[in-house]
Amino acid sequence: MSYSVQQIKFECLTYIKEFGARMDEWSIGMADDPEHALFGLCGVDPERDIWLWKPALSVNAARTVVDFMTGRYRLHPARASSAPGGRCVFMYRRSTTADEDDTIL
């Protein structure tokens with residue numbers, strides 16, 4: 001199943017609203033293998049971090065979503081998206097709880 005540009009933008013904005021945080025605490029990108037991009041290249045922890053990925057209708061549709069979210073809402077481009085292409089849009093917010101748990105007071 002693939003999703004339209006509007007569906008993916010709505011899903012991304014819903015995640016940001018539901019899980020809070022400032023827009024600049026989120027990263028977004030596109031990849032053909034979003035699991036590898038998220039968990040391998042970006043170092044997202046699948047159990048602790050907040051993330052999502054959605055397959056777009058085309059590479060151009062994925063690019064439209066990423067351009068919109070980075071341009072209008074100032075999300076950071078994910079470093080895993082440096083390679084051109086990719087039909088899946090992925091987004092994540094890094095958890096700070098892991099760092100806080102390790103702090104000795």
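Side chains included, hydrogens not; waters and symmetry mates left out as well; all remaining heavy atoms used. Worth saying up front: this structure is predicted, and the values here are computed from it rather than measured.
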- Item | Closest non-hydrogen atom pair between His76 and Thr70, with its separation | C-CG2, 4.4 Å
- Query: With Thr64, which residues qualify under side-chain contact (heavy atoms from CB on, under 4.5 Å), at least two apart?
  - Reply: Val5
- Message: Do Ile28 and Met23 land in one hydrophobic cluster if side-chain heavy atoms of ILVMFWY residues count as linked below 4.5 Å?
- Response: yes
- Query: Excluding sequence neighbours, so at least two apart, what forms ring pair (Phe, Tyr, Trp, His ring centres under 6.0 Å) with Trp53?
  - Reply: none
- Query: Roughly how far, to the nearest 0.5 Å, is the CG atom of Leu38 from the CG atom of Asp49?
  - Reply: 9.5 Å
- For Ser2, enumerate each residue passing the side chain to side chain donor-acceptor pair (under 3.5 Å) test, keeping only those at least two apart in sequence or located in another chain. Arg87
- Message: According to side-chain contact (heavy atoms from CB on, under 4.5 Å), who are the partners of Phe68, at least two apart in sequence or on a separate chain?
- Response: Lys9, Arg72, Tyr73
- Query: Is a donor on one side and an acceptor on the other found under 3.5 Å between the side chain of Trp51 and the backbone of Pro46?
  - Reply: yes
- Item | By salt bridge (charged side-chain N to carboxylate O under 4.0 Å, His left out) - contacts of Asp67 (at least two apart) | Arg63
- Message: Please say yes or no: joined through hydrophobic side-chain contacts below 4.5 Å, possibly via intermediate residues, are Leu13 and Leu52 part of one cluster?
- Response: yes
- Set of residues satisfying side chain to side chain donor-acceptor pair (under 3.5 Å) with respect to Gln7, sequence neighbours excluded: Ser4
- Note on the structure: Contacts satisfying salt bridge (charged side-chain N to carboxylate O under 4.0 Å, His left out) that involve residues 15-31 (not counting sequence neighbours) are Arg22-Asp24, Arg22-Glu25
- Query: Rounded to the nearest 0.5 Å, how far apart are CG of Asp45 and CZ of Phe39?
  - Reply: 9.0 Å
- Taking ring pair (Phe, Tyr, Trp, His ring centres under 6.0 Å) as the test, write out the residues that go with Phe19, two or more places apart. Tyr15
- For the student: nearest non-hydrogen atoms of Pro34 and Phe90, plus distance: CB-CB, 4.4 Å
